[in-house]
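Only heavy atoms go into these numbers, but all of them, side chains included; no hydrogens, no water, no symmetry mates. All residue numbers refer to positions in the sequence shown, counting from 1.
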Amino acid sequence: MVGQQWNTGSGVGQSVENTLTQLRALDGKPPAPTGPLTLEDLYRQHRMRLVRLALLLVDEPATAEDVVQEAFTGLHRNWSGLRDAQAALGYLRTAVVNGSRSVLRRRKTARDYTPPHVVNARSAESLAMLTAEHQAVVAALTKLPPRQREVLVLRYYGDLSEAEIAEATGISKGTVKSTASRALDALQKIMAGR
């Protein structure tokens, strides 16, 4: 991680870190830009990583792809007004987080009017790549409140600093830190009760 260390002293914290770090490693590191960054470069190099980020937040592959597509569409519309092409990835990340939040809000509203149904959206292939412990962590993440889930996913899967998470989620650095701590505690309770 860039320049800071998060306290993941609990076993659950370590499990979350290991699981999301393993997912990030499976994705590989995007190549470093070799010239002026284009929208096509961003799409080719970061699309699947952003889809996986959205998938960890919304837990449904088709919806995750829609969220990322909307983020790229918004960036395309505003590309000519972008003052720094290097900031485009941060814009995309923020758009994916905000789009995921919108999806979750719509789901919550829909659940208020119709009985909820359980959909297991994870593919067998994606779960087969993880150990049973890692699968339990991913399942437990879905039970966290959206903000706590966002912070943990952005930290451990996105490998973002507190400042980058604060920027992507629109909350302060202090709130990021306290939310991460509460999320790890909640995750520990969920995992203990399984």
Side-chain angles (χ1 to χ4, degrees), residues 1-6 16-106 121-130 134 138 141-142 146-147 149-173 176 180:
M1 186 172 80
V2 181
Q4 68 185 38
Q5 200 64 307
W6 283 37
V16 170
E17 183 174 7
N18 290 342
T19 298
L20 296 178
T21 300
Q22 182 180 355
L23 285 172
R24 185 177 66 240
L26 289 172
D27 286 343
K29 194 138 179 93
T34 57
L37 194 60
T38 67
L39 187 58
E40 183 181 343
D41 293 335
L42 279 170
Y43 187 82
R44 194 175 341 96
Q45 295 171 7
H46 297 282
R47 179 184 160 278
M48 287 312 298
R49 198 168 235 286
L50 290 169
V51 167
R52 285 182 195 68
L53 172 66
L55 182 59
L56 286 166
L57 297 173
V58 301
D59 200 34
E60 192 177 276
T63 304
E65 288 182 10
D66 289 345
V67 165
V68 172
Q69 192 63 38
E70 285 297 318
F72 274 102
T73 301
L75 181 59
H76 181 317
R77 276 193 302 265
N78 298 307
W79 187 259
S80 62
L82 197 64
R83 65 186 185 292
D84 177 14
Q86 298 304 321
L89 184 57
Y91 169 90
L92 286 168
R93 226 184 270 122
T94 299
V96 167
V97 169
N98 289 337
S100 297
R101 285 178 178 168
S102 294
V103 165
L104 295 174
R105 272 193 303 273
R106 285 191 300 270
R122 298 234 177 265
S123 70
E125 297 84 14
S126 69
L127 286 179
M129 299 294 287
L130 300 176
H134 293 304
V138 171
L141 276 171
T142 65
R147 181 179 283 177
R149 185 176 180 178
E150 288 171 4
V151 168
L152 290 183
V153 167
L154 289 170
R155 164 56 194 101
Y156 295 110
Y157 176 76
D159 198 29
L160 301 183
S161 68
E162 286 176 4
E164 291 169 322
I165 294 169
E167 181 183 334
T169 58
I171 59 178
S172 72
K173 281 176 45 175
V176 167

query: Which distance, rounded to the nearest 0.5 Å, do you find between the OG of Ser102 and the CD of Glu70?
result: 10.0 Å

- request: Provide the full list of ring pair (Phe, Tyr, Trp, His ring centres under 6.0 Å) pairs with a residue in residues 75-95, sequence neighbours left out, each pair given once.
  value: none

- request: Answer yes or no: is there a donor N or O on one side and an acceptor on the other, between the side chain of Asp66 and the main chain of Thr63, under 3.5 Å?
  value: no

message: I'd like to know whether Tyr157 forms a side-chain contact (heavy atoms from CB on, under 4.5 Å) with Glu17, so could you lay out the CA-CA distance, the side-chain angles of the two residues, the decisive distance to 0.1 Å, and finally the verdict.
response: CA-CA 8 Å; Tyr157 176 76; Glu17 183 174 7; over 6 Å; no

Side chains of Val68 and Leu92 in contact at under 4.5 Å (non-hydrogen atoms): no

task: Check Ala88 against Leu42 and note the closest heavy-atom contact, atom names and distance.
output: CB-CD1, 3.4 Å

- request: Any chance you could measure Leu57, atom CG, to Leu104, atom CG, to the nearest 0.5 Å?
  value: 7.5 Å

query: How close do Lys173 and Ala166 get, heavy atom to heavy atom, and via which atoms?
result: N-CB, 3.9 Å

message: If you compare all heavy atoms of Ala168 against all heavy atoms of Asn98, which two are closest, and at what distance to 0.1 Å?
response: O-OD1, 4.5 Å

query: Nearest 0.5 Å, what's the OG-CD distance between Ser172 and Glu167?
result: 14.0 Å

query: Among pairs that include at least one residue of residues 50-73, which meet ring pair (Phe, Tyr, Trp, His ring centres under 6.0 Å), considering only residues two or more places apart or in two chains?
result: Tyr43-Phe72

field: Set of side-chain hydrogen bond (donor to acceptor under 3.5 Å, both in side chains) partners for Thr73, sequence neighbours left out
entry: none

field: Contacts of type side-chain hydrogen bond (donor to acceptor under 3.5 Å, both in side chains), residue Thr169, not counting sequence neighbours
entry: none

Ile165 side, atom CD1; Leu152 side, atom CG - distance, nearest 0.5 Å: 8.5 Å

- prompt: Okay, side chain of Glu164, backbone of Ser161: is any donor-acceptor separation there less than 3.5 Å?
  reply: yes

task: State, with a plain yes or no, whether a side-chain heavy atom of Leu154 is found less than 4.5 Å away from one of Leu53.
output: yes

message: Before you tell me yes or no, could you show the steps for Val51 and Val96 under side-chain contact (heavy atoms from CB on, under 4.5 Å), namely the whole-Å CA-CA distance, both residues' side-chain angles and the distance that decides it to 0.1 Å?
response: CA-CA 9 Å; Val51 167; Val96 167; over 6 Å; no

Donor-acceptor pair, side chain of Arg155 and main chain of Val151, under 3.5 angstrom: no

task: Please name all residues satisfying side-chain hydrogen bond (donor to acceptor under 3.5 Å, both in side chains) with Thr94, sequence neighbours left out, ordered by chain then number.
output: none

- prompt: Which pairs, with at least one residue in residues 88-104 and sequence neighbours excluded, count as a salt bridge (charged side-chain N to carboxylate O under 4.0 Å, His left out)?
  reply: Arg101-Glu150

field: From Gln69 atom CD to Leu50 atom CG, the distance as rounded to the nearest 0.5 Å
entry: 11.5 Å

message: Counting neighbours of CZ on Arg47 that are heavy atoms of other residues, nucleotides or ligands and sit closer than 6.0 Å, is the number greater than 12?
response: yes

